[in-house]
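Fair warning: this is a prediction, and the values are worked out from it, not measured in the lab. Letters go in sequence order (proteins before strands), and every chain restarts at 1.
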Number of protein chains: 2
Amino acid sequence: MNMTNWYDGSCDVINAFTIISGRWKLPILWRLSFGKTRYNELKRQVCGITNIMLTRSLQELEHHGLVERIQYSEIPPHVEYGLTEQGKKLIPGLTALRDWAKEQAEFERTL
Amino acid sequence: MNMTNWYDGSCDVINAFTIISGRWKLPILWRLSFGKTRYNELKRQVCGITNIMLTRSLQELEHHGLVERIQYSEIPPHVEYGLTEQGKKLIPGLTALRDWAKEQAEFERTL
DNA sequence: CAGCATCCCACACGATACTG
DNA sequence: CAGTATCGTGTGGGATGCTG
């Protein structure tokens, strides 16, 4: 595998994409960028997501240090999720991509 | 489906991601961002890609208006691929994400 | 309330061979 | 040189049901 400059660049981006790729990662991150949220509130707001996918996605994002899980020792259980400092650093890149996405959506209508 | 503001935002980004997602799209786009390239040169430079995946990826990117195919009427065949103006607009977003990706890679080593 | 255990499937991806 | 045809597979995603 020849690691030329352009390929290193794309590798970095591919790794980044892998972390936040999947059916539900972006909706979750987007929602969390507006503030901490409880599990069931998140489930209601990320339309159509199931327990298993919400749990899996949150675990993966937590594993990569983008999301933090805050558990309160109460009965009934009370768990909140939020972005870590590292997670918040993702937002500007996502916003930049969203700006392109809007242009792209407009552009595709003209094809 | 309740289309709140945060969800519209994530939908745009999801659509953008879908277009450029997959095993080979980013390496191809990255390479093309450095200039027009012939089919077989692209194949050599995007390490490990097969004919079928290169062809498929290029067709999909062309279909979304990001890549242009320039065919010269010669024998043997001569085809070049390059980014369209719309395709070039993608680069800044990708670069922004790459900057985060580098931070993220560094960060994950500390976990 | 906040999850986990199982089973299942479609589809992106790929290996191999062939062609104008 | 620049592709296409065919067939096979791994994995991301989901339906359903159960639990501390």
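You'll find that the side chain of Asn40(B) is closest to dC1(D), out of dG3(C), dC1(D), dG14(C). Distance from the side chain of Arg23(B) is smallest for dC13(C) among the nucleotides dA2(D), dC13(C), dG3(C). For Asn51(B), taking side-chain heavy atoms from C-beta onward, the closest of the listed nucleotides dC4(C), dA2(C), dT4(D) is dT4(D). In this structure, the nucleotide among dA5(D), dA2(D), dA2(C) sitting nearest to the side chain of His78(A) is dA2(C).
In this model, the phosphate group of dG14(D) is approached by a side-chain N or O of Trp24(A) to a distance below 4.0 Å at OP1 or OP2.
Within a 6.0 Å sphere centred on NE2 of His78(B), heavy atoms belonging to other residues, nucleotides or ligands number more than 12.
Atom P of nucleotide dC9(C) and atom CE of Met53(A) are separated by 18 Å, given to the nearest angstrom. Whole-Å rounding puts the Leu42(A) CG to dG3(C) P distance at 10 Å.
The nearest heavy atom of DNA chain D to Pro77(A) and to Ser21(A) marks one nucleotide each, and the one closer to the 5' end goes with Ser21(A). Looking at which nucleotide of DNA chain D each of Arg56(B) and Arg69(B) is closest to, the 5′-most match is held by Arg69(B).
Using a cut-off of 4.0 Å between Lys/Arg side-chain N and Asp/Glu carboxylate O, Arg44(A) and Glu41(A) are scored as not salt-bridged. With respect to the salt-bridge test (charged N to carboxylate O, under 4.0 angstrom), the residues Arg69(B) and Glu80(B) do not qualify.
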